[in-house]
Amino acid sequence: MSALVVELSGPVQTEAAGAALAQALSVTEGAIVFLEGDLGAGKTTLARGLLRALGLTGAVRSPTYTLMEPYQVAGRGVLHMDLYRLQDPAELWELGLDSYPPARTVWLVEWPERAATLLPAPTLRVHLQHVGAGRLMSVEGEPALLDRLRPAMKALH
């Protein structure tokens with residue numbers, strides 16, 4: 001898998017990076033996006049930027065306590081999951097994921113490692129880490145999607 005790395009100065013650029021991800025994913029009906037990073041690294045902020053870019057005008061709820069928040073945005077399904085509170089990977093099947101097939105739904109998965117190997121392979125893997133007051137974002141994935149993402153990422157600087 002190829003990788004793309006970009007520095008983000010704060011929440012505004014993190015949301016803009018989410019919008020760039022939405023644009024790159026516009027060519028796919030469904031996708032699985034792993035959002036990785038420590039607590040407070042900006043995973044939910046990135047997801048908010050993606051959802052807003054797709055056209056969501058209502059509240060973007062953090063799925064920290066509900067584990068998942070489904071959205072219908074411009075006729076497209078998006079499932080935002082936060083698996084941090086899973087006690088056992090098998091609990092993943094109790095969430096009703098079969099109602100949101102990844103072939104027709106964009107899955108945004110925070111803390112995917114909590115599901116062990118039960119999740120399908122990601123289309124994109126986004127890792128956020130603290131660097132000073134900002135963040136460093138690295139994206140691995142299908143080369144065609146990274147090629148679509150690269151110009152928007154360069155525009156963030």
Side-chain angles (χ1 to χ4, degrees), residues 1-6 8 11 13-38 41-64 66-84 86 89 91-129 135-156:
M1 281 192 169
S2 299
L4 174 64
V5 178
V6 65
L8 305 170
Q13 273 197 325
T14 304
E15 282 197 32
L21 284 171
Q23 182 180 353
L25 291 170
S26 68
V27 298
T28 65
E29 186 175 352
I32 299 173
V33 180
F34 285 1
L35 302 174
E36 303 169 332
D38 293 334
K43 298 178 296 292
T44 299
T45 301
L46 188 81
R48 181 182 315 112
L50 187 146
L51 285 160
R52 293 269 184 250
L54 291 176
L56 184 71
T57 57
V60 175
R61 299 170 298 276
S62 172
T64 300
T66 60
L67 300 183
M68 63 183 226
E69 290 290 338
Y71 298 92
Q72 275 294 67
V73 186
R76 184 173 199 183
V78 179
L79 183 63
H80 184 193
M81 293 181 265
D82 184 334
L83 304 182
Y84 184 77
L86 282 186
E91 291 175 31
L92 183 69
W93 303 119
E94 298 170 16
L95 297 178
L97 294 179
D98 53 339
S99 298
Y100 308 96
R104 295 191 323 261
T105 308
V106 174
W107 286 12
L108 304 175
V109 187
E110 297 186 34
W111 300 97
E113 64 275 12
R114 297 286 187 150
T117 59
L118 298 178
L119 289 169
T123 309
L124 291 174
R125 180 184 302 268
V126 179
H127 184 81
L128 293 158
Q129 67 183 42
R135 305 286 183 269
L136 186 67
M137 180 177 88
S138 65
V139 184
E140 296 177 355
E142 298 172 2
L145 287 176
L146 292 179
D147 287 345
R148 289 179 56 81
L149 185 58
R150 192 167 278 109
M153 290 293 132
K154 286 183 181 179
L156 290 176

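- The heavy-atom pair separating L146 from A3 by the smallest distance is CD1-N, 3.8 Å.
- Of all heavy-atom pairs spanning I32 and P120, the tightest one is CD1-CB, 3.4 Å.
- Within the model, atoms CD of E113 and CG of L83 stand 8.5 Å from one another, a figure rounded to the nearest 0.5 Å.
- Take P70 and apply the side chain to side chain contact (heavy atoms under 4.5 Å, CB included) test, not counting sequence neighbours, and it matches L79, Y100.
- Side-chain atoms of R135 come within 3.5 Å of backbone atoms of A41 as a donor-acceptor pair (strictly under, hydrogens ignored).
- In terms of heavy-atom proximity, V5 sits nearest to S138 at CG2-CB, 3.9 Å.
- The two atoms that bring A59 and Y71 nearest to each other are O-CE2, 3.9 Å, heavy atoms only.
- With a 4.5 Å cut-off on side-chain heavy atoms, T44 and L35 do not count as touching.
- Rounded to the nearest 0.5 angstrom, Q13 CD and T45 OG1 are separated by 13.0 Å.
- K43 places no side-chain N or O within donor-acceptor distance of the main-chain N or O of V109, the cut-off being under 3.5 Å.
- In this structure, L145 and L25 have side chains that are in contact, with non-hydrogen atoms separated by less than 4.5 Å.
- Annotation for P101 and W107: closest pair C-NE1, 4.3 Å, computed over non-hydrogen atoms.
- For the pair P151 and D147, the tightest heavy-atom approach, listed with the atom from each and the gap, is CD-O, 3.3 Å.
- L136 contributes atom CG, which lies 8.0 Å from atom CG of L8 (distance to the nearest 0.5 angstrom).
- Among residues two or more places apart in sequence or in another chain, the side chain to side chain contact (heavy atoms under 4.5 Å, CB included) test is passed with A22 by L50, A53, L54.
- The structure places OG1 of T66 at 9.5 Å from CG of L95, a figure rounded to the nearest 0.5 Å.
- When the side chain to side chain donor-acceptor pair (under 3.5 Å) test is applied to T28, no partner is found at least two apart in sequence or on another chain.
- Among pairs with a residue in residues 75-84, those fulfilling side-chain hydrogen bond (donor to acceptor under 3.5 Å, both in side chains) read T64-D82, H80-E110, at least two apart in sequence or across chains.
- Within the structure, salt bridge (charged side-chain N to carboxylate O under 4.0 Å, His left out) contacts touching residues 98-109 (residues at least two apart or in different chains) do not occur.
- Counting heavy atoms from C-beta outward, V78 and L56 have side chains that stay 4.5 Å or more apart.
- How far CG of L46 is from CG of L51: 10.0 Å, rounded to the nearest 0.5 Å.
- When each of M81, E91, E94 is paired with L86, the side chain to side chain contact (heavy atoms under 4.5 Å, CB included) condition holds for E91 and for no other.
- In this structure, the salt bridge (charged side-chain N to carboxylate O under 4.0 Å, His left out) partners of R48, at least two apart in sequence or on a different chain, are E15.
- Here the straight-line distance linking atom CZ of R148 with atom CE of M153 works out to 12.5 Å at 0.5 Å rounding.
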